[in-house]
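Please read the structure below before turning to the comments.
Keep in mind the model is a prediction, meaning the values are calculated, not measured.
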Amino acid sequence: MDLRYFNQTGWTAIFNGTETDIGRMVRVEAWDPATGTALVVDPKRGAMRPVTDYEDFSHLERADQVVAAVPGGGWRAHWKDEGPGNTPLTEQVLAWLITSQGRATAITMDAHRHVDDADSADAFIPPGEELGQD
């Protein structure tokens, strides 16, 4: 799961693109109280705008809503070939994001302090265990 799929409303607007704009995914920030239309931020206008105002609006897709964050508690994420020269890589799990659907997504921080989700990890290692133990 890519972190850009998380938002407060649980919806993402998909735009196909035009001759001047590339296709994109934009978080739905709110709903128009009168029409029920999804609203997104228009960075050019600096205001909320209905998705239907855009000629390249395609559709809405569900996004995950984070309802809780739980400390990593000593868990580690392990990748078999994501380190330098395709070597193994293990990173500490900072936190688990819990979604409204009950899914837990591990959040890690690398040696350069970049934070990312660890959904592509090959394994998660519980506290006190070593890789390869059964």
Side-chain angles (χ1 to χ4, degrees):
M1 169 63 61
D2 190 316
L3 290 177
R4 66 184 163 177
Y5 289 103
F6 290 105
N7 69 45
Q8 292 297 321
T9 65
W11 291 93
T12 300
I14 307 300
F15 297 88
N16 292 329
T18 64
E19 290 181 15
T20 58
D21 287 322
I22 61 170
R24 61 211 177 278
M25 296 173 40
V26 180
R27 290 187 309 210
V28 172
E29 301 291 344
W31 305 97
D32 184 293
T35 65
T37 304
L39 301 173
V40 297
V41 173
D42 181 341
K44 294 176 184 171
R45 291 187 184 175
M48 299 286 266
R49 189 170 164 195
V51 293
T52 51
D53 281 2
Y54 293 88
E55 67 181 273
D56 64 331
F57 171 66
S58 173
H59 63 281
L60 298 177
E61 289 185 2
R62 283 221 174 259
D64 280 328
Q65 291 175 286
V66 174
V67 296
V70 179
W75 282 80
R76 292 173 289 149
H78 178 76
W79 294 265
K80 294 177 184 171
D81 58 3
E82 294 292 322
N86 292 330
T87 60
L89 173 68
T90 302
E91 294 179 350
Q92 293 292 322
V93 173
L94 296 175
W96 297 92
L97 298 182
I98 311 301
T99 72
S100 59
Q101 303 300 314
R103 179 186 165 112
T105 298
I107 303 300
T108 61
M109 182 170 60
D110 67 16
H112 304 289
R113 298 184 182 255
H114 295 133
V115 175
D116 201 357
D117 66 89
D119 274 354
S120 66
D122 296 313
F124 291 101
I125 306 165
E129 291 190 22
E130 295 298 321
L131 186 65
Q133 286 185 346
D134 293 324

So CZ of Arg62 and OG of Ser100: to nearest 0.5 Å the spacing works out to 8.0 Å

Taking Leu60 as the starting point, is it possible to reach Val26 by hopping between hydrophobic residues whose side chains are less than 4.5 Å apart? yes

Note: Phe57 and Ala13 closest approach over all heavy atoms is CE1-CB, 4.1 Å

For Arg76 and Thr90, the nearest pair of non-hydrogen atoms, with its separation, is CB-CG2, 3.8 Å

For Ala77, is there any backbone N or O sitting under 3.5 Å from a side-chain donor or acceptor partner on Glu91?
no

Here the salt bridge (charged side-chain N to carboxylate O under 4.0 Å, His left out) pairs for residues 36-50, sequence neighbours left out, are Asp21-Lys44, Asp42-Arg45, Asp42-Arg49, Arg49-Asp53

Residues joined to Val41 in its hydrophobic cluster, side chain to side chain under 4.5 Å directly or through other members, sorted by chain and number, are Leu39, Met48

Note: Leu89 and Gly83 closest approach over all heavy atoms is CB-N, 3.7 Å

Would you say Tyr54 and Trp31 are hydrophobically clustered, going by side-chain heavy atoms of ILVMFWY under 4.5 Å? yes

Output yes when a side-chain donor or acceptor of Arg27 lies under 3.5 Å from a complementary backbone atom of Gly10, and no otherwise. no

query: Given the rule that I, L, V, M, F, W and Y join up when any side-chain heavy atoms are under 4.5 Å apart, are Trp75 and Ile98 in one cluster?
result: yes

ask   = Would a 4.5 Å heavy-atom cut-off, applied to side chains only, mark Thr87 and Asp81 as touching?
value = no

In this structure, OG1 of Thr108 is separated from CG of Asp117 (nearest 0.5 Å) by 7.5 Å

Rounded to the nearest 0.5 angstrom, the CE-CG distance for Met109 and Leu94 is 5.0 Å

Closest non-hydrogen contact found for His78 with Pro88 is CE1-CB, 3.7 Å

Next item on the list: Report the C-alpha separation of Thr37 and Val51 in whole Å, then their side-chain angles, then the decisive distance to 0.1 Å, and conclude whether the side chain to side chain contact (heavy atoms under 4.5 Å, CB included) test is met.
Entry: CA-CA 7 Å; Thr37 304; Val51 293; 4.2 Å; yes

Scanning both residues in full, the closest heavy-atom pair of Lys80 with Asp122 reads N-OD2, 2.5 Å

| Any donor-acceptor N/O pair, Asp56 side chain to Gly17 backbone, under 3.5 Å | yes

*Connected via hydrophobic side-chain network under 4.5 Å: Ile14 and Trp11*: no

Output for pair (Thr12 OG1, Asp64 CG), nearest 0.5 Å, gives 9.5 Å

Trp79 meets the ring pair (Phe, Tyr, Trp, His ring centres under 6.0 Å) criterion, sequence neighbours left out, with none

For Val28 and Val40 the tightest heavy-atom approach is CA-CG1, 4.2 Å

**Request:** Would you confirm whether Arg113, through its side chain, and Ala111, through its main-chain N or O, come within 3.5 Å as a donor-acceptor pair?
**Result:** no

Between the CZ atom in Phe15 and the CD atom in Glu55, the distance rounded to the nearest 0.5 Å is 11.5 Å

